Amino acid sequence: MTKFYITTSIPYVNAKPHLGHALEFVYADILARYARQQDRQVLFSTGTDEHGSKIAEKASELGISPIELTTANAKLFVELLGKLNISNDRFIRTTDPAHEQRAQLVWNNLREHIYKKEYTGWYCTGCEEFVTETYVKEQQGTCPNHDRPYEQLAEENYFFALSKFSHLIKQSIDSGEFRVVPDSKKNEVLSLINEGLEDISISRPKAKLDWGITVPGDDSQVMYVWFEALLNYITVLGYPEHSDFKDYWPADIQVVGKDISRFHAVIWPGILLALGLELPKNLYIHGFINVDGKKMSKSLGNSVDPNDIVDKYGTDAFRYYLARHIPSYNDGDFSWDKIEAAYNNELANELGNAVSRVVAMIGKYQADVVGVIPEPSHDIHEYSEALDNFKFDRALDEVWEQVRGINQYIDTEKPWQIAKNGDEQHLQEILSYCVGCLLEIADLLVPFMPTTAQTIRDTFKDGLVTKQERALFPKFE
Ligand code: MSP
């Protein structure tokens with residue numbers, strides 16, 4: 001079996017999880033389940049990013065210790081993963097001692113590319129990111145993502161010689177060896193590299209921030225949160241000596257959001273090249289999910305708790321909404337009205353209805369006996385191609401062609417008339433063909449809606465119809 005390693009980014013735990021986190025978990029889970037379906041030996045890792053000023057600030061605001069804050073919030077992330085039926089194999093916290101120790105090992109192995117220098121720069125704690133003077137001017141001194149003024153930091157830091165690797169990073173992206181998807185995001189990354197890469201600060205003085213991993217050999221500094229957080233993708237595999245690391249690195253797919261593409265498409269590859277490691281095979285950069293057409297923000301107070309959506313519509317319906325109605329290559333929108341419309345029209349009226357009609361007819365005309373189910377007959381090339389390119393929306397459009405196809409087929413064939421005319425054999429052929437199509441649809445839905453897929457399979461198991469106690473997707477009136 002071929003190995004397959006997939007990761008999500010690791011969210012900050014200064015607050016509880018939001019819709020954007022749910023979107024990323026679901027995307028990665030679809031890909032992990034799809035790979036398992038193709039007999040790949042999957043390792044799917046996610047986790048939490050727990051150091052840095054953002055966390056330290058929040059903890060002090062609440063009057064608790066950083067670790068108390070991160071432990072409480074990490075728990076909420078784990079709960080959400082369960083609620084979304086995410087099949088991750090690992091959950092790494094950057095406060096895990098194993099991560100801390102291995103991050104120090106990485107630092108040591110990078111020594112020839114690390115140097116110390118006096119530095120003055122503009123920083124946003126919300127982003128945990130340094131920005132250039134020009135950019136600060138363009139934004140009139142305030143971070144557009146966090147609506148807070150940039151702070152000027154003047155300190156002695158360790159630097160990583162990222163600039164040395166510009167050419168190699170660019171070449172790997174250009175050649176497709178390190179595939180950045182979609183093209184629009186790849187082009188943004190390439191133009192960033194073309195503008196010229198500077199070496200980056202990778203530490204902070206403890207005197208200013210002590211919530212982090214100590215720099216080996218220098219007790220006065222901690223590692224910059226982004227630097228050590230990126231390392232989670234290899235520390236979780238037991239870099240450098242563990243067999244998991246040897247078996248699973250390089251990652252097959254890394255899933256991240258558009259605001260952190262620079263870290264994953266430029267800085268991370270730079271670190272890997274400096275360590276003499278291979279780059280991930282694919283980086284899929286997704287867009288942002290907004291609420292009612294507006295960016296989620298604290299000041300608007302329009303953030304939606306993903307748990308509430310699952311409580312109302314169920315896990316699979318929410319997964320379906322994210323995968324089909326948030327454009328896979330673009331930003332998208334959540335609203336309660338939109339999910340209700342998708343639920344009623346597509347899940348209840350189309351998919352649910354196709355299943356319940358077939359079940360009812362087999363019950364009525366054939367005493368629950370399914371008959372001989374024909375082999376799957378649909379061409380799923382477009383579906384597979386869509387998934388290979390992270391077009392979840394497109395893949396589900398394909399599945400829905402088939403769902404609509406069954407309903408239309410039933411409408412045209414009118415099995416109830418055939419039953420009236422007494423042509424039992426023809427009737428059985430039609431109904432078992434429908435069952436064949438539903439089972440094929442169930443297979444295609446496994447990555448997206450695992451429970452629904454299983455329910456459809458169970459309904460027609462062993463050639464007999466097992467009636468469900470409730471409709472697959474009871475309608476909301
Ligand atoms: N801690 C860093 C990631 C470190 S990875 C080594 C971080 N955390 S985050 O909590 O701010 O974001 C986690 C993920 O959620 C990122 O991929 C980010 O793009 C994504 N999203 C945050 N808000 C989002 C939306 N509104 N919509 C979709 N995804 C968004 O960045």
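Remember, it's a predicted structure, so these values are computed and weren't measured experimentally.
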Partner of Trp226 under ring pair (Phe, Tyr, Trp, His ring centres under 6.0 Å), picked from Phe160, Phe130, Phe263, is Phe263
For Gly257 and Glu24 the tightest heavy-atom approach is N-OE1, 3.5 Å
**Prompt:** Checking Asp29 side chain against Ile86 main chain: does a donor-acceptor pair fall under 3.5 Å?
**Reply:** no
Notebook entry, point to check: Ion pair present between Asp252 and Lys3, side-chain N to carboxylate O less than 4.0 angstrom?
Noted result: no
*asked:* So for atom CD, which belongs to Gln140, do other residues, nucleotides or ligands contribute more than 12 heavy atoms lying within a distance under 6.0 Å?
replied: no
task: Output yes when a side-chain donor or acceptor of Asp333 lies under 3.5 Å from a complementary backbone atom of Asp292, and no otherwise.
output: yes
Is a salt bridge present between Glu188 and Lys185, judged by a nitrogen-to-oxygen distance below 4.0 Å?
no
- Between the side chains of Thr7 and Gln254, is a donor N or O closer than 3.5 angstrom to an acceptor N or O? yes
The reported gap from CG in Leu84 to NE2 in His21 (rounded to nearest 0.5 angstrom) is 12.0 Å
Review point. What do the steps show when you test Val181 against Tyr329 for side chain to side chain contact (heavy atoms under 4.5 Å, CB included), and what is the final call?
Key: CA-CA 8 Å; Val181 180; Tyr329 280 9; 3.4 Å; yes
Discussion item. For Leu231 and Ile271: C-alpha separation, side-chain torsions, deciding distance, then whether side chain to side chain contact (heavy atoms under 4.5 Å, CB included) applies.
Written reply: CA-CA 9 Å; Leu231 305 182; Ile271 298 173; 4.1 Å; yes
Are His378 and Tyr383 an aromatic pair, judged by ring center distance below 6.0 Å? no
Distance col, row Leu162:CG vs Ser201:OG, nearest 0.5 angstrom, shows 12.0 Å
- Looking only at atom types and distance, does a side-chain atom of Ser261 sit under 3.5 Å from a main-chain N or O of Lys258, one as donor and one as acceptor? yes
Any side-chain heavy-atom pair of Pro250 and Leu279 under 4.5 Å | no
| Near Glu79 CD, under 6.0 Å, is it more than 12 heavy atoms from other residues, nucleotides or ligands? | yes
**Report entry** Neighbour count >12 (heavy atoms, 6.0 Å) for atom NZ, Lys294
**Finding:** no
(request) Could you walk me through whether Ile441 and Leu351 pass the side chain to side chain contact (heavy atoms under 4.5 Å, CB included) test, one step at a time? (result) CA-CA 9 Å; Ile441 287 168; Leu351 178 62; 4.2 Å; yes
Does this structure show an ion pair linking Arg93 with Glu50, if we count only N-O contacts that are shorter than 4.0 Å?
yes
- Query: Sub-3.5 Å donor-acceptor pair from the side chain of Asp305 to the main-chain atoms of Asn307, do we have one?
  - Reply: yes
- Message: Between Val189 and His264, does the side chain to side chain contact (heavy atoms under 4.5 Å, CB included) criterion hold? Intermediate values first, please.
- Response: CA-CA 10 Å; Val189 169; His264 287 85; over 6 Å; no
Practice prompt. Determine yes or no for a side-chain-to-main-chain donor-acceptor pair under 3.5 angstrom, with Lys246 supplying the side chain and Glu241 the backbone.
Written response: yes
Value for OG1 (Thr125) from NE2 (His146), rounded to nearest 0.5 Å, stands at 9.5 Å
Verify whether one side chain among Glu228 and His51 offers a donor that lies under 3.5 Å from an acceptor in the other.
-> yes
| said: I'd like to know whether the aromatic ring centres of Phe91 and Phe77 sit less than 6.0 Å apart in this structure. | reply: no
Exercise. With distance as the sole criterion, is a donor-acceptor pair present between the side chains of Tyr313 and Glu340 under 3.5 Å?
Worked result: yes
Point to revise | Close aromatic pair by centroid cut-off 6.0 Å: Tyr135 and Trp122 | key: no
Rounded to the nearest 0.5 angstrom, the OG1-CG distance for Thr452 and Leu445 is 7.0 Å
### Query
Between the side chains of Thr315 and Asn85, does any donor sit under 3.5 Å from an acceptor?
no
Any salt bridge between Glu57 and Arg148, counting N to O under 4.0 Å? yes
Note to self: Phe334 vs Tyr321, test: ring-ring contact (aromatic ring centres under 6.0 Å, His included). Steps then yes/no.
What the structure shows: CA-CA 9 Å; Phe334 172 85; Tyr321 184 83; 5.8 Å; yes
Heavy-atom check, side chain of Leu192 versus side chain of Val266, under 4.5 Å
yes
| When you measure from the side chain of Lys54 to the backbone N and O of Gly126, does any donor-acceptor pair fall under 3.5 Å? | yes
Practice prompt. Could you tell me whether Glu382 and Lys391 make a salt bridge, using a distance below 4.0 angstrom between a side-chain N and a carboxylate O?
Written response: no
Report task. Flag yes if more than 12 heavy atoms outside Lys75 fall under 6.0 Å of its NZ atom; otherwise flag no. Result -> no
* To do: Check whether the side chains of Tyr320 and Glu346 place a donor and an acceptor atom closer than 3.5 Å, and report yes or no.
  => yes
Closest non-hydrogen atoms of Leu277 and Trp249, given as atom of the first, atom of the second and distance, are CB-NE1, 4.1 Å
So does Lys312 pair up with Asp308, basic N to acidic O under 4.0 Å?
-> no
Are Phe390 and Tyr27 close enough that their ring centers fall under 6.0 Å?
no
Minimal heavy-atom distance between Pro11 and Gly47, with the atoms involved, is CD-O, 3.1 Å
Quiz item: What class does the angle between the rings of His286 and Tyr284 fall in, given that below 30° is parallel, 30 to 60° is tilted and above 60° is perpendicular?
Solution: tilted
### Task
Taking the side chain as every heavy atom from C-beta outward, state whether Pro269 and Phe165 have any pair of such atoms under 4.5 Å apart.
no
Check whether any side-chain heavy atom of Ile260 lies under 4.5 Å from a side-chain heavy atom of Ser9, and answer yes or no. yes
d(Leu322 CG, Ile289 CD1) to nearest 0.5 Å is 5.5 Å
| query | Got a donor-acceptor contact below 3.5 angstrom from the Asp443 side chain to the Glu440 backbone? | reply | no
Q. Would Glu128 and Tyr123 count as having a side-chain donor-acceptor pair, cut-off 3.5 Å?
A. yes
salt_bridge(Arg324, Asp397) N-O dist < 4.0 Å:
yes
Notebook entry, point to check: Is Asp199 salt-bridged to Lys164, cutoff N-O under 4.0 Å?
Noted result: no
On a heavy-atom basis, the closest approach of Leu237 and Asp244 is O-CB, 3.4 Å
Heavy atoms of Met296 and His18 approach each other most closely as CE-ND1, 4.0 Å
Looking only at heavy atoms, the pair that brings Ile169 and Ala265 closest together is CG2-O, 3.6 Å
| Is it true that a side-chain atom of Arg319 and a backbone atom of Phe448 form a donor plus acceptor pair closer than 3.5 Å? | yes
query = Does any donor atom in the side chain of Lys206 or Thr214 lie under 3.5 Å from an acceptor atom in the other side chain?
reply = yes
- Report the C-alpha separation of Tyr224 and Asn157 in whole Å, then their side-chain angles, then the decisive distance to 0.1 Å, and conclude whether the side chain to side chain donor-acceptor pair (under 3.5 Å) test is met. CA-CA 9 Å; Tyr224 167 45; Asn157 290 344; over 6 Å; no
Review point. Any sub-3.5 Å donor-acceptor pair from Ser328's side-chain atoms to Asp393's backbone N or O?
Key: yes
Any sub-3.5 Å donor-acceptor pair from Ser203's side-chain atoms to Tyr158's backbone N or O?
yes
Rounded to the nearest 0.5 angstrom, the NE2-CD distance for His99 and Gln104 is 10.0 Å
